[in-house]
There are 2 protein chains.
Amino acid sequence: MYTINEVAEICDLSAHTLRFYDKEGLLPFISRSKSGKREFSERDLELVKLICCLKNTGMPIKEIKHYIDLFMEGDDTFETRKQLMIEHRKEVLRQMSELKKNLNIIDLKIAFYNANGNDMPS
Amino acid sequence: MYTINEVAEICDLSAHTLRFYDKEGLLPFISRSKSGKREFSERDLELVKLICCLKNTGMPIKEIKHYIDLFMEGDDTFETRKQLMIEHRKEVLRQMSELKKNLNIIDLKIAFYNANGNDMPS
DNA sequence: GCTTGACTTCGATATAACTCTAAGTAATAC
DNA sequence: GTATTACTTAGAGTTATATCGAAGTCAAGC
């Protein structure tokens, strides 16, 4: 079991942020110790990592919550979750392609700088 | 010459946003018609595209302004601008690498869904 | 028993980047 | 000459994601 601070450390978040996520309904799966402290199992930790992955690829908290809600509903939502993930994968690919496009622009710019500014278009 | 709305269309921004950028000091190079309207030359358009590229790769407006300020100062800032661009390129590579890492996580997740949830880790 | 870590509520504050409103002016296009 | 487009100032409001602080409670470990 992990404490909130351990999870925070591992996932590069603050305990504050984790509680904030909890409040937003992103962590309904977390159990509590008899004294009321959050206890993260290995599986919980993996879910938090997945949440971070989704967040870091631009999924808004509300959509992540939707995914988690489906997850909590159980096996009936299996197909829906799978489709959501497949859709999000497309979005990540879109981001990568845009990033590549922008990298090209930057590379071109640096190439112009290396050519000592000759024919610099802008 | 392009009007503000044409540039907005081309760069997928609103005229509002372009005026906002202008106010923030990102577009000091734009000239005006005798009636006071903004006139974007081909070169200006390229610069706006560069600004969008920097913005879309996460550079904050203040840093973009700094770059534009250097640009307006002229050839003396050539080396500085080149170094800035090289540094930003590293940042873009970092983003791409993180995106790839996250794509892997998503792919793994989808693979588990395709395995019908067997051994689903989370 | 004292320190540390965790908990709660609640609200303030921050930050970035818009986004919009209003009210009035001025030139352009048909 | 009317509709469209663009301009101005100045400020209010929005969205998303935190981030912080206060104030008090509670339990565990040394």
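Just so it is clear: chains get the letters A, B, ... in the order the sequence lines come, proteins before strands, and each one is counted from 1.
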Phosphate-side-chain proximity, B/Y21 and C/dC18, N/O vs OP1/OP2 below 4.0 Å:
yes
Do you see a donor-acceptor pair shorter than 3.5 Å between the side chains of A/S14 and A/T17?
yes
Using the closest heavy atom to pick a nucleotide of DNA chain C for each, name whichever of B/H16 or A/K23 lands nearer the 5' end.
A/K23
Separation of atom CD1 in A/I64 from atom P in D/dT17, rounded to whole Å
8 Å
Of C/dT8, D/dT19, C/dA17, the nucleotide closest to the side chain of A/R19 is C/dT8
Describe the nucleic acid contact of A/S33 in one word from base, sugar-phosphate, nothing, applying a heavy-atom distance below 4.0 Å.
nothing
For B/S14, which contact category applies under a 4.0 Å heavy-atom criterion: base, sugar-phosphate, or nothing?
nothing
Can you tell me if the side-chain N/O atoms of A/R38 get under 4.0 Å from OP1 or OP2 in C/dT8?
yes
Between P of D/dA18 and CZ of A/F20, the distance in whole Å:
6 Å
Tell me which nucleotide among C/dC7, D/dT17, C/dT19 gets nearest to the side chain of A/I61.
D/dT17
Check the distance between C/dA17's P and B/M59's CE and give it to me in whole angstrom.
11 Å
Start at the 5' end of DNA chain D and walk down; is the nucleotide closest to A/S35 or to A/L13 reached first?
A/L13
What is the distance from NZ of A/K37 to C1' of C/dT8, rounded to the nearest Å?
14 Å
Taken to the nearest whole Å, CD/A/E39 to P/C/dG5 is 18 Å
Whole angstrom value for the distance that separates P of D/dT5 from CZ of B/F40
17 Å
What does B/K34 touch in the nucleic acid at a heavy-atom separation under 4.0 angstrom: a base, only the sugar-phosphate, or nothing?
nothing
Exercise: do B/Y2 and B/E42 side chains pair donor with acceptor under 3.5 Å:
yes
Between B/E98 and the options B/R94, B/K100, B/K101, the salt bridge (charged side-chain N to carboxylate O under 4.0 Å, His left out) test singles out B/R94
What is the separation between atom NZ on B/K62 and atom P on C/dA14, rounded to the nearest whole Å?
13 Å
Of the options D/dT17, D/dT19, C/dC18, whose atoms approach the side-chain atoms of B/K55 most closely?
C/dC18
May I ask you to check whether B/Q83 and B/E87 show a side-chain donor-acceptor distance below 3.5 Å?
no
Phosphate-side-chain proximity, A/R32 and D/dA27, N/O vs OP1/OP2 below 4.0 Å:
no
Could you tell me whether the side chain of B/D22 and the main chain of B/L18 form a donor-acceptor pair under 3.5 Å?
no
A/L18 CG to D/dT19 C1', straight-line distance once rounded to whole Å
13 Å
